[in-house]
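Encoded as structure tokens, here's the structure I'll be asking about.
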Amino acid sequence: MPTRILVEFKRRGLMSEIYDVQEVELRWQKIWEESGLYQVDLDDPRPKSYVLCMYPYPSGAAHQGHIKNYTFGDLNVRYRTMKGEAVLSPFGFDSFGLPAENAAIKTKVHPREFTEARIAELKASVKRLGSVYDWRRETKSHDPDNIKWAQFLFIKLFESGLAYKAEAPVNWCPGCQTVLANEQVHSDGTCDRSGDIVERRNLSQWFFKITQYVEELLRDIDELDWPERVKIMQRNWIGKSIGAKMTLAVQGAPELGIEVFTTRPDTVFGMTYAVIAPEHPLVAILTSDEIRRQKFIDANAIEPSRFVVLEERANEVRAFVDSVKNLTDIDRVSTSEGRDKRGVFSGVNVINPFTGDPVPLYIADYVLMSYGTGAIMAVPGEDQRDYDFAKIFGLPIVRTVATPDGFDGEAYSGAGEKINSGFLNGLSIEEAKLAAIDWLAQNDLGQSSIQYRLRDWLVSRQRYWGCPIPMIYCDKCGTVPAKLEELPILAPDDVEFLPTGESPLARHYSFRFAKCPKCGANAIRETDTMDTFVDSSWYFMRFCDPFNDKVPFSLEALDQWMPVDQYIGGIEHAILHLLYARFFTKALADLGLAPKDLREPFSRLFTQGMIRMDGSKMSKSKGNLISPEKYFDSVGADALRLFHLFVGPPADDFDWTSQADELIEGMAKFLSRVYRLATQESEKPTLVNEKESATLSLATHKAIEKATIDYDRWSYNTVVSTIMTLTNQIYKSKSANASDESVQSAIDAVILLLAPMTPHIAAEMWSLRHDGEIVHVQPWPEPDRTLLALAKETLILQVGGKFKDKLIVDPDIEEQEALRLALAHPKIAASLLNGAPSRVVYKLPKLINLIP
RNA sequence: GCCCGGGUGGUGGAAUGGUAGACACGGAGGACUCAAAAUCCUUUGCUCGUGAGGGCGUGCGGGUUCGAAUCCCGCUCCGGGUACCA
């Protein structure tokens, strides 16, 4: 019942003692906005910094996750401003996307109307939180101005070859009725948005050539001040594998040789079979009657007995390939149910290049066409997948690495000496890899090779509510970009929203039929729109120069503000958004649209913890939201902000339980306690207790020192407790007759330290105490180093490493003196039975340890 | 399976080699009050003891160290990421 305090105060007429939360908060929000305090421009003389929270999808009023995010963001903006920096703090909305269009299909409300209503709600709650932004710079993905620059960038990427169209097997979500990027498909084969099982379809689609930057994207991760686990996730996603490619000749038809990729070229002597993916082009050749009859019969390379069944085999192969085709990815790839590996003998053998021996070629769906060459050499001795398959199909298993004594596993992938491997015997694995690659190269059978898991970024979406891809297909001129002066290409409003597999734009003929920008002939406009991750890949640069109407952003503005000094958001964007934004930054820098030396968009990243409830993430879709509104209306934004800061380390997840309300009420009580201190008349004690004054001054400076260190290391929960401790000390010192000067400066310190966290009440208190001054333009408090250096220290007395007692000593105490004090201590004497320590460990002035 | 995190009072957490449990929430007791609320004060890891005081204690088992919640090795449980990537 967080409203209790206020209601009670109001009822009792005690409002003179406590402040009117609503009135104070709204009044200060207005002052901040109208004063332009947090607006910054290019000519600002202060050192620049750029603090940014991730571009939000406007789903309506803010939820607790947003509140936490924007509290961290706002705190950073205000703290850096007090430290004297010119802080760029913009806000905008990632306003394209499926929910608006799905709503349109259901309710017939136009997505723009739907989206703008949600934007207004989110904006209102962000303002109510007291978060400050340079609202002049606000951008929305669906603004025509923004669409124009997105299309401009697309055309630039197209002209430089970084955007291209290709037919590809793509992920098709039947629920969303669109294709998805690999990144938007979960490992269980379901859609990131709708949770439907994703299907495979062959479609002609636009791609961005992110793989052109794969090495740079991988290498530059090292320099980023990002959470280690995000960096690891990105490295894993890029998935660099170093190995070798080599060609396996098909027995009897060497010109059909199949190329395989392996990271273990040292194990070729253990290859007892080979596998190609069901989609591998060789499958069609092997199952073609012509090839079977002529090629293999004439070549007479396969023993007759095997040949007799070849017709049958071709049928078997066809049946297998068909059965795989009809499986969804989830069934095909799933290993969770311990499903056995499937496959079929192809009817032909391939030659082991190292031994010259023929081994059977299988077709199996555990080999993926989309990775490497879609074909592998199988080494069951050292690869568990191959081992499992070999067991099922009764294939031989040869070990090429000596296993350790007592090894009872199946495939062995550890270190050891090479065995059964001809000229590689006796070498280590690493030596053997190099020797095997050398041998392959010398014999012209292969070479070293690097493969990546990362594929090009599929950006076409068959949807209406996205940025139209500005391309035109002309019979004569081919694929032509729209003229720059004709941008933006805007989607028409008069479309029908139906859940078909096509964008509503494709059925809008006046949009679809266009003139070729080159020759003027009748042509067809591209009706797909861009993935919304495109919008979030450059918005942070537009924020630097939002009014520019010549280019999306000037080099000068990017030079000034980029990169983002502090980026704040959820861990869920560890791969998708952050990888795409890094790619865009590099590509635009290389195209001359951004400064050449701008290689990374976000120098520092902070990923906040999730708010969970009943074990799952608090979210609209789970229906377990606790609205911030009721706290705004009762205890106020400051108390809610303070709760999010105090409840634990910012990076940790938080379980929202019934305790949360009590904690939030506790924060409101604490703020009232500070307010009471700050607004009481100064009382000058008749008899000043000098010792207590000194204690309070020292506590004040210690608190400033500790809070500042903790602000800088994002340990906000301990900042809050430091401020609470100082507040408690002020109450205590006051009643012990500390001087009014020491009390008042301690109160001022509390207010300054609180200012970034609870801006409204801090502003109100400072203004009341200092004649209308603005707390947020005050310089950040500096601790008095001289005072701190002179402060007494606590010397811990230990015997044998066990704590016995503590003494207050001078900070420059010497060993001799410390030992004298220790030995004179009755507890030490009692513990040291024979009186003389055999050894003494000094860590002065903190500790002395006497070892008996 | 692999890769990351993490396990500390009734609860959230603090302490990054040196007083374990800061700061809060909750509980208990008290002051003020006709009464309550609010506020303030005391107390609150477990345990033995009337007491002074003692013993135990950071998931479990070892180790390093004068000294370990903290570092190392092995295990266990929980959470997250990823998954036939050759």
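The shown structure was predicted, so the numbers you read here are calculated from the model rather than taken from an experiment. Below, each value reflects all heavy atoms present in this structure, side chains not excepted, and no hydrogens, waters or symmetry copies. The chains referred to below are lettered A, B, ... by the order of the sequence lines, with proteins before strands, and numbering in each begins at 1.
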Check whether more than 12 heavy atoms from other residues, nucleotides or ligands sit under 6.0 Å from atom NZ of A:K843, and answer yes or no. no
How is A:K806 classified with respect to the nucleic acid when contacts are heavy atoms under 4.0 Å: base, sugar-phosphate, or nothing? base
Measure CZ/A:R235 against C1'/B:rC4 and give the value in whole Å, please. 12 Å
Measure CG/A:D653 against C1'/B:rG79 and give the value in whole Å, please. 8 Å
Across every strand shown, the nucleotide meeting Watson-Crick or G-U wobble geometry with B:rC71 (both distances under 3.5 Å) is B:rG63
Whether A:K846 and A:E793 form a salt bridge (side-chain N of Lys/Arg under 4.0 Å from carboxylate O of Asp/Glu) is what I want to check. yes
Can you identify which nucleotide, out of B:rG79, B:rG12, B:rG18, has its nearest atom closest to the A:Q659 side chain? B:rG12
Of the listed nucleotides (B:rU19, B:rC4, B:rA15), which one gets closest to any side-chain atom of A:R713? B:rA15
Closest to side chain of A:W237, choosing from B:rC84, B:rA15, B:rA83: B:rA83
Whole-Å distance, A:D655 CG to B:rG12 C1', equals 10 Å
Distance, C1' atom - from B:rC4 to B:rA86, rounded to whole angstrom: 24 Å
On RNA chain B, compare the nucleotides closest to A:D652 and A:I796; which residue's is nearer the 5' end? A:D652
Answer yes when A:K391 and A:D386 have at least one side-chain N-carboxylate O distance shorter than 4.0 Å, and no when they do not. no
Is the phosphate of B:rU19, meaning OP1 or OP2, less than 4.0 Å from a side-chain N or O of A:T794? no
Between B:rU70 and B:rU65 - P atom distance, rounded Å: 16 Å
For A:E572 and B:rU82, give me the distance from atom CD to atom C1', rounded to whole Å. 17 Å
Taking atom C1' in both B:rA20 and B:rG45, what distance in whole Å separates the two? 10 Å
Starting at atom CD1 of A:I848, determine the distance to atom P of B:rU19, rounded to an integer number of angstrom. 16 Å
Regarding A:D386, tell me which of base, sugar-phosphate or nothing describes its non-hydrogen contacts under 4.0 Å with the strands shown. nothing
If only side-chain N and O atoms of A:N717 are considered, is one of them under 4.0 Å from the OP1 or OP2 phosphate oxygen of B:rC23? no
Answer with base, sugar-phosphate or nothing: what part of the nucleic acid does A:G800 contact at a heavy-atom distance below 4.0 Å? sugar-phosphate
Under 4.0 Å between any heavy atoms, over every strand shown, what does A:L847 touch: base, sugar-phosphate, or nothing? Just pick one. base
Aromatic ring pairing A:W656/A:Y631, orientation class (parallel under 30°, perpendicular over 60°, tilted between): tilted
Proximal nucleotide (of B:rU39, B:rC23, B:rA24) relative to the A:T725 side chain: B:rC23
Nearest-nucleotide 5' precedence on RNA chain B, A:K827 against A:V647: A:V647
Using Watson-Crick or G-U wobble geometry with both distances below 3.5 Å, tell me the partner of B:rC56, or none. B:rG45
Using whole Å, what does the distance between atom P of nucleotide B:rG81 and atom NZ of A:K231 come to? 21 Å
Give the nucleotide from the list B:rA14, B:rC84, B:rA24 with an atom nearest to the side chain of A:P649. B:rA14
Euclidean distance, atom CG of residue A:L645 to atom P of B:rA14 [Å, nearest integer]: 14 Å
Side chain of A:F803 - closest among B:rC66, B:rA20, B:rA86: B:rA20
Would you indicate which nucleotide in B:rC4, B:rC40, B:rA86 comes nearest to any side-chain atom of A:V367? B:rA86
Is the base of B:rG18 touched by the side chain of A:Q798 through a donor-acceptor pair closer than 3.5 angstrom? yes
Donor-acceptor pair, side chain of A:Y711 and main chain of A:L753, under 3.5 angstrom: yes
Just label B:rG9 as syn or anti from its O4'-C1'-N9-C4 or O4'-C1'-N1-C2 angle, using within 90° of 0 for syn. syn
Looking at A:K433 and A:D266, does any basic side-chain N land under 4.0 Å from a carboxylate oxygen? no
B:rA83 phosphate, OP1 or OP2: any side-chain N/O from A:R453 under 4.0 angstrom? yes
What integer number of Å spans the C1' atoms of B:rG5 and B:rC41? 43 Å
Of the options B:rA24, B:rA86, B:rU19, whose atoms approach the side-chain atoms of A:S241 most closely? B:rA86
C1' atom, B:rA38 versus B:rG55: distance in rounded Å? 43 Å
With rounding to whole Å, what would you report as the distance between B:rC56 and B:rU8 at their P atoms? 22 Å
Is there a side-chain contact between A:R229 and the phosphate of B:rG5, meaning an N or O under 4.0 Å from OP1 or OP2? no
Watson-Crick/G-U partner (both atom distances under 3.5 Å) of B:rU39: B:rA31
Nearest-angstrom distance from the residue atom CH2 of A:W656 to C1' of B:rU11: 16 Å
Lys NZ or Arg CZ of A:K245 over A:F261 ring: under 6.0 Å, within 45°: no
So, applying side chain to side chain contact (heavy atoms under 4.5 Å, CB included) with A:D712, which one of A:D710, A:I709, A:T708 is it? A:T708
What interatomic distance, in whole Å, is found between P of B:rU19 and the corresponding atom of B:rU58? 15 Å
Measure from the side-chain heavy atoms of A:M724 and tell me the nearest of B:rU19, B:rC23, B:rA86. B:rC23
Pairing of A:K702 and A:E705 as salt bridge, 4.0 angstrom limit: no
Watson-Crick or G-U wobble partner for B:rG1, using a 3.5 Å limit on both distances? B:rU82
Of the options B:rU39, B:rG67, B:rG12, whose atoms approach the side-chain atoms of A:F646 most closely? B:rG12
Determine the interatomic distance between P on B:rG67 and the same-named atom on B:rA14; round to the nearest Å. 28 Å
